[in-house]
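Below is one structure, written out as structure tokens; comments come after it.
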Protein chains: 2
Amino acid sequence: MTAPERGQATILDVARLAGVSRTTVSRVLNEPERVTADTLAKVRAAADRLNFVPSAAARSLRNGRTGTIALLVGDVSQPFHGGLAKTISHEADDLGYSVMLYDLAHSETRLRRVLEKLPKQGVDAVVLATADALVEPETLQALDVLHEHGIPVLTTVDRDDARHALSLGFDYREPARAATSAMAGSGHGPVALLVGTGIGPLGRQLVAGYLDALSPGAPELVVETPYDFDGAQAAAAALLDRASVGGILAATVPMAIGAIRAAEARGLRVPDDLVVLSGEEVPLAAQVRPAITTLSAAAERNGHAIMRLLADALAGRDAPRPPLEAELVVRESFVPAR
Amino acid sequence: MTAPERGQATILDVARLAGVSRTTVSRVLNEPERVTADTLAKVRAAADRLNFVPSAAARSLRNGRTGTIALLVGDVSQPFHGGLAKTISHEADDLGYSVMLYDLAHSETRLRRVLEKLPKQGVDAVVLATADALVEPETLQALDVLHEHGIPVLTTVDRDDARHALSLGFDYREPARAATSAMAGSGHGPVALLVGTGIGPLGRQLVAGYLDALSPGAPELVVETPYDFDGAQAAAAALLDRASVGGILAATVPMAIGAIRAAEARGLRVPDDLVVLSGEEVPLAAQVRPAITTLSAAAERNGHAIMRLLADALAGRDAPRPPLEAELVVRESFVPAR
DNA sequence: TTGTAGGCGTTATCAC
DNA sequence: GTGATAACGCCTACAA
């Protein structure tokens with residue numbers, strides 16, 4: 001009974017029990033083909049018997065990699081982010097990686113604190129899944145530090161503020177233009193845009209596309225609201241009180257729901273009196289009434305694309321950006337004329 | 001220019017640049033009070049200049065703890081789990097811990113694979129946030145291994161299947177009984193129960209409470225469905241086709257929404273023809289129409305309670321279970337008579 | 001107050 | 001095909 005001291009059995013315990021050297025045990029773990037079938041069996045048996053599990057700490061100390069990626073997300077409790085987290089968790093698992101989750105609560109302070117502790121945490125890559133703007137110089141500097149440490153950073157939305165970051169190369173400007181234009185063409189009246197406070201990179205694209213679509217003389221109705229139901233509901237209520245609005249393009253599905261509830265509270269029916277469109281596609285959009293017409297990429301597709309990019313980055317390959325295209329998923333809240 | 005080789009600067013680089021020993025640098029990091037103000041400044045300056053960050057790998061190899069907790073969740077894209085993940089992420093951060101996220105997709109195979117790799121990943125604690133049943137012996141064995149390694153496991157719902165696991169000590173049986181009874185008393189007709197497939201520990205509590213409330217002769221309408229909107233919608237549709245139902249108690253909010261949509265598709269109005277109640281409280285419940293009346297603890301409260309338990313477990317303290325009480329949040333889908 | 005030295009568990013290099 | 005040995009970066013007795 002070569003009892004391992006207490007707690008973990010180490011590679012040495014296994015070696016002793018199997019009557020071989022540490023090196024051989026290590027080989028069985030990492031290059032089983034370079035070892036005799038006989039010793040292989042012996043070692044495996046010993047490892048099993050001792051419930052041996054190699055120490056991740058020792059391993060990463062030795063070879064520099066941790067097998068971990070960090071997922072920084074604006075707010076996991078929002079449906080799009082939740083779906084993204086789910087997909088990324090699964091795909092990371094397939095790639096043999098684990099995922100560290102950091103919920104930012106849309107706070108740049110929080111983001112900065114996380115970014116600053118990441119190099120020390122030791123992650124192999126970072127996925128930055130937020131549409132929030134990065135304004136503080138310290139945040140950018142923290143990103144630079146990650147880059148210096150050779151840790152790739154991927155973003156789910158194109159952003160010029162995050163230097164060195166890889167992104168999907170997807171631009172919402174044209175989709176937003178087309179959507180705004182279609183809503184304006186539905187004859188309900190002026191179209192408004194609901195974007196997150198601080199207007200991040202995604203918001204800027206939406207605003208640009210929205211402005212592109214505005215016919216001369218049409219009012220510019222761009223409203224900033226917190227990224228959730230409550231914020232959007234309040235903002236939409238205020239908007240509807242002060243302006244005549246026939247269509248609302250909301251960045252997220254919860255924001256679209258908020259806008260719809262605000263409209264309903266004012267006796268407006270969707271889509272009869274007012275049409276509504278969301279910039280993200282999540283299952284929830286089909287589950288509410290009226291079901292929400294959405295635009296562009298779903299969380300799963302985003303997640304897949306990001307993870308492919310990530311796999312390439314981790315393997316040191318040059319990443320060919322998969323073209324992501326926006327499509328309109330027509331439901332009840334807005335049915336474009338055709 | 002004491003250039004650190006390439007990549008990371010180590011404690012030794014800092015020591016050299018500051019003209020002190022490694023020990024002193026380490027002390028500056030861990031026991032700053034035991035060091036002269038002068039050397040403290042010198043070392044801090046050097047560390048700053050080199051962008052030094054201590055290696056988490058080396059640290060945990062040395063002292064055995066990783067500063068990481070694993071969060072295993074049935075499906076993060078579901079609102080309750082998303083909210084839980086958010087809360088736990090924030091609280092863990094406050095405690096100085098990082099969170100590894102593992103989405104189980106309600107698959108026990110996945111769960112087992114994760115559990116088996118956890119000791120090797122090196123986490124300080126595990127939060128098991130799923131209501132799914134644990135049936136395979138390998139799963140239980142994997143839990144035992146964690147226990148042997150001294151890694152505490154916390155669950156969000158009381159379960160007798162997970163040996164050694166700490167849980168909140170909250171039982172849904174009585175709340176489920178009261179809710180069923182109230183719905184039955186509303187005079188709409190027989191009450192049905194929608195629970196997740198496989199009926200896990202939470203489901204068993206709901207079923208028990210449901211059965212408690214059934215008056216003699218009332219039909220037992222317990223339906224198992226996947227834990228999401230689609231599954232519940234289909235199950236509710238089938239149920240409504242084969243039985244006369246006046247009330248539905250659904251385990252989750254998405255399931256309740258699915259039931260409501262199925263009812264609507266059959267021309268039934270909620271709550272006029274049919275009342276609906278959900279066993280979990282999430283913001284979404286207030287955002288849909290009809291807004292859903294819910295029962296018992298919210299994700300944040302659960303998250304807080306779990307993290308308090310966790311903090312105690314990690315500190316080796318005996319954990320006093322905070323009493324969690326179920327409350328009814330009355331919205332549109334069911335207004336109890338009073 | 002500060003420095004010296006040894007070891008945490010693993011893998012890579014080099015011999016045999 | 002297998003084994004000895006030296007790191008990886010940090011912490012902590014123990015000594016000075």
Side-chain angles (χ1 to χ4, degrees), chain A residues 2 4-44 46-47 50-67 117 119-122 124 149-150, chain B residues 2 4-44 46-47 50-67 117 119-122 124 149-150:
Chain A
T2 321
E5 304 306 294
R6 70 158 34 263
Q8 297 276 357
T10 87
I11 211 173
L12 190 57
D13 298 314
V14 178
R16 277 203 273 260
L17 180 56
V20 297
S21 75
R22 293 180 290 192
T23 312
T24 304
V25 178
S26 178
R27 281 222 187 80
V28 169
L29 264 45
N30 302 306
E31 314 167 284
E33 68 280 3
R34 300 173 55 84
V35 108
T36 316
D38 189 37
T39 44
L40 192 90
K42 247 186 347 200
V43 171
R44 290 234 165 106
L50 294 178
N51 254 322
F52 168 75
V53 248
S55 142
R59 204 166 246 190
S60 37
L61 176 58
R62 188 47 230 225
N63 64 25
R65 279 156 313 114
T66 57
K117 86 174 187 188
K120 138 167 146 197
Q121 256 306 321
D124 292 347
H149 288 206
Chain B
T2 322
E5 303 305 295
R6 69 161 32 264
Q8 297 277 358
T10 88
I11 211 174
L12 188 58
D13 298 314
V14 178
R16 278 204 272 259
L17 180 55
V20 298
S21 77
R22 294 178 293 188
T23 312
T24 306
V25 178
S26 179
R27 282 224 186 80
V28 169
L29 264 44
N30 302 305
E31 314 168 283
E33 68 278 5
R34 301 173 54 84
V35 107
T36 317
D38 189 37
T39 45
L40 192 91
K42 247 187 346 198
V43 170
R44 290 234 165 106
L50 294 178
N51 253 322
F52 168 76
V53 248
S55 144
R59 205 166 247 190
S60 38
L61 177 57
R62 186 48 231 237
N63 63 25
R65 278 156 314 113
T66 57
K117 86 174 187 187
K120 138 166 145 196
Q121 258 306 321
D124 293 347
H149 288 205

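Proteins come first, then strands; the chains are lettered A, B, ... in the order of their sequence lines, and each starts at number 1. In this text the structure is predicted, and so the values were computed from the model without any measurement.
Among the atoms of the strands shown, only primed sugar atoms or phosphate atoms (P, OP1, OP2) are found under 4.0 Å from some heavy atom of B:I11. As judged by a 4.0 angstrom heavy-atom cut-off over every strand, A:S60 is placed among residues making no nucleic acid contact. At a threshold of 4.0 angstrom between heavy atoms, the contacts of A:T24 are confined to the sugar-phosphate backbone, with no base atom among them.
Comparing B:S55 and A:V35 along DNA chain D, the residue whose closest nucleotide (by nearest heavy atom) sits nearer the 5' end is A:V35. Toward the 5' end of DNA chain C, the nearer of the two residues B:R34 and A:A58, judged by each one's closest nucleotide, is B:R34.
For A:S60 (side chain) and B:A57 (main-chain N/O), no donor-acceptor pair under 3.5 Å exists by modelled atom type. A:T36 contributes no side-chain N or O that, together with a main-chain N or O of A:D38, makes up a donor-acceptor pair within less than 3.5 Å.
Dashed line: the shortest gap from a side-chain N or O of A:S26 to OP1 or OP2 of C:dT11 is under 4.0 Å.
Counting all heavy atoms, side chain and backbone alike, A:V53 lies closest to B:H149 at CG2-CE1, 3.5 Å.
At whole-Å resolution of the value, CZ in B:R16 and P in C:dT2 are 20 Å apart. Whole-Å rounding puts the A:L61 CG to C:dT10 P distance at 12 Å. In this structure, CD of B:E33 is placed 15 Å from C1' of C:dT2, rounded to the nearest angstrom. To the nearest angstrom, P of C:dT13 lies 10 Å from CD of A:E31.
The line from OG1 of B:T10 to CZ of B:R22 is 8.5 Å long, rounded to the nearest 0.5 Å. Atoms CG and CZ, from A:L61 and B:R59 in turn, are 13.0 Å apart once rounded to the nearest 0.5 Å. If you take CG on A:L40 and CZ on A:R34, they are separated by 13.5 Å, rounding to the nearest 0.5 Å. To the nearest 0.5 Å, atom CG of residue A:L50 and atom CZ of residue A:R16 are 10.5 Å apart. Interatomic distance, CZ of A:R44 versus CG of A:L29, reported as 8.5 Å (0.5 Å rounding).
For DNA chain D, the outermost nucleotides in 5' to 3' order that have an atom under 4.0 Å from a heavy atom of chain A are D:dG1 to D:dG9.
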What does the list of N/O pairs under 3.5 Å between the protein and nucleotides 5-7 of chain C look like, with a distance for each?
| from | atom 1 | to | atom 2 | distance (Å) |
| --- | --- | --- | --- | --- |
| C:dG6 | N2 | B:R62 | NH1 | 2.8 |
| C:dG7 | N2 | B:R62 | NH1 | 3.0 |

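The salt bridge (Lys or Arg N to Asp or Glu O under 4.0 Å) check on A:K42 picks up nothing, with sequence neighbours excluded.
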